[in-house]
Amino acid sequence: MRQGKQLADSAGRLGATNNEMEMTAFLESLKKLEQLGLTQQPLLFVLNYQYVIKSVSDTKEGPAWMKRWKKRDWKTANGKPVANQELWQDIDRDLAKFDSSKLKFAWLRSTVSDAGSDFVHSLLIKRMDE
C-alpha cells in the first residue's frame, strides 16, 4: 500500500510449477517496488512459501541458498544445475537493487486465514475462473 493505494496483480502460465509461479510473483513484486522508487525503503515480504524465503534471505537454518548457488556457479550441493536458474538469476539481479539491510521476510502458513491471505486467495479464484 502506498499513498492510500493498494496494488494487486495476478497471473498464471499453463503448465507452470508452483515454484515457478511463486518465484515469478516475487520477481514481479521486486520490479513494481523498483518502479515505485522503493528500493531503499524498509520492506516486509510476507510469503506463504518458504522456498523463496530460504533462497533469497539468511534464516536460522543458514545462509540464503542463492548465495551458495552463485558460489558454485549456479549448481546445487550435489553438483546439478539449479532448477529455474534463469528465473533465480533475474531475481538475484533485481534484488541487488535493494538495500538488503532493510528487507525482512516473514512466513505465513498457507493454512492461516487473515485479510492478506484471504485477499490473495480471492485473486487466485478469480484468475482461475477466467
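Values reported hereafter were calculated over all heavy atoms of this structure, with side chains retained and with hydrogens, waters and symmetry mates removed.
Contact record, Trp69 with Thr76: CD1-CA, 4.3 Å, taken as the closest heavy-atom pair. In terms of heavy atoms, Leu30 sits closest to Ile91 at CD1-O, 4.1 Å.
A distance of 6.0 Å separates CZ in Arg93 from CD in Gln89, rounded to the nearest 0.5 Å. Here Trp88 contributes atom CH2 and Asn19 contributes atom CG; the two are 8.0 Å apart, rounded to the nearest 0.5 Å.
Legend: salt bridge (Lys or Arg N to Asp or Glu O under 4.0 Å) pairs involving residues 35-53, not counting sequence neighbours: none detected. Among pairs with a residue in residues 33-44, those fulfilling salt bridge (Lys or Arg N to Asp or Glu O under 4.0 Å) read Glu34-Lys97, at least two apart in sequence or across chains. Applying the salt bridge (Lys or Arg N to Asp or Glu O under 4.0 Å) definition to pairs two or more places apart or across chains, those involving residues 37-63 are Asp58-Lys67.
For the pair Tyr51/Glu22, no side-chain contact is recorded, criterion being any heavy-atom separation below 4.5 Å from C-beta on. Within the 4.5 Å cutoff, the side chain of Leu103 has heavy atoms near those of the Leu95 side chain. Between Asp94 and Phe26 the shortest side-chain heavy-atom distance does not fall below 4.5 Å. For the pair Leu33/Phe98, a side-chain contact is recorded, criterion being any heavy-atom separation below 4.5 Å from C-beta on. Using a 4.5 Å cut-off on side-chain heavy atoms (C-beta onward), Thr59 and Trp107 make no contact.
Under the side chain to side chain contact (heavy atoms under 4.5 Å, CB included) criterion, Ala25 pairs with no residue, sequence neighbours left out. Every side chain to side chain contact (heavy atoms under 4.5 Å, CB included) that Lys102 has, sequence neighbours left out, goes to Pro42, Asp99. In this structure, the side chain to side chain contact (heavy atoms under 4.5 Å, CB included) partners of Arg68, at least two apart in sequence or on a different chain, are Pro63, Trp65, Arg72.
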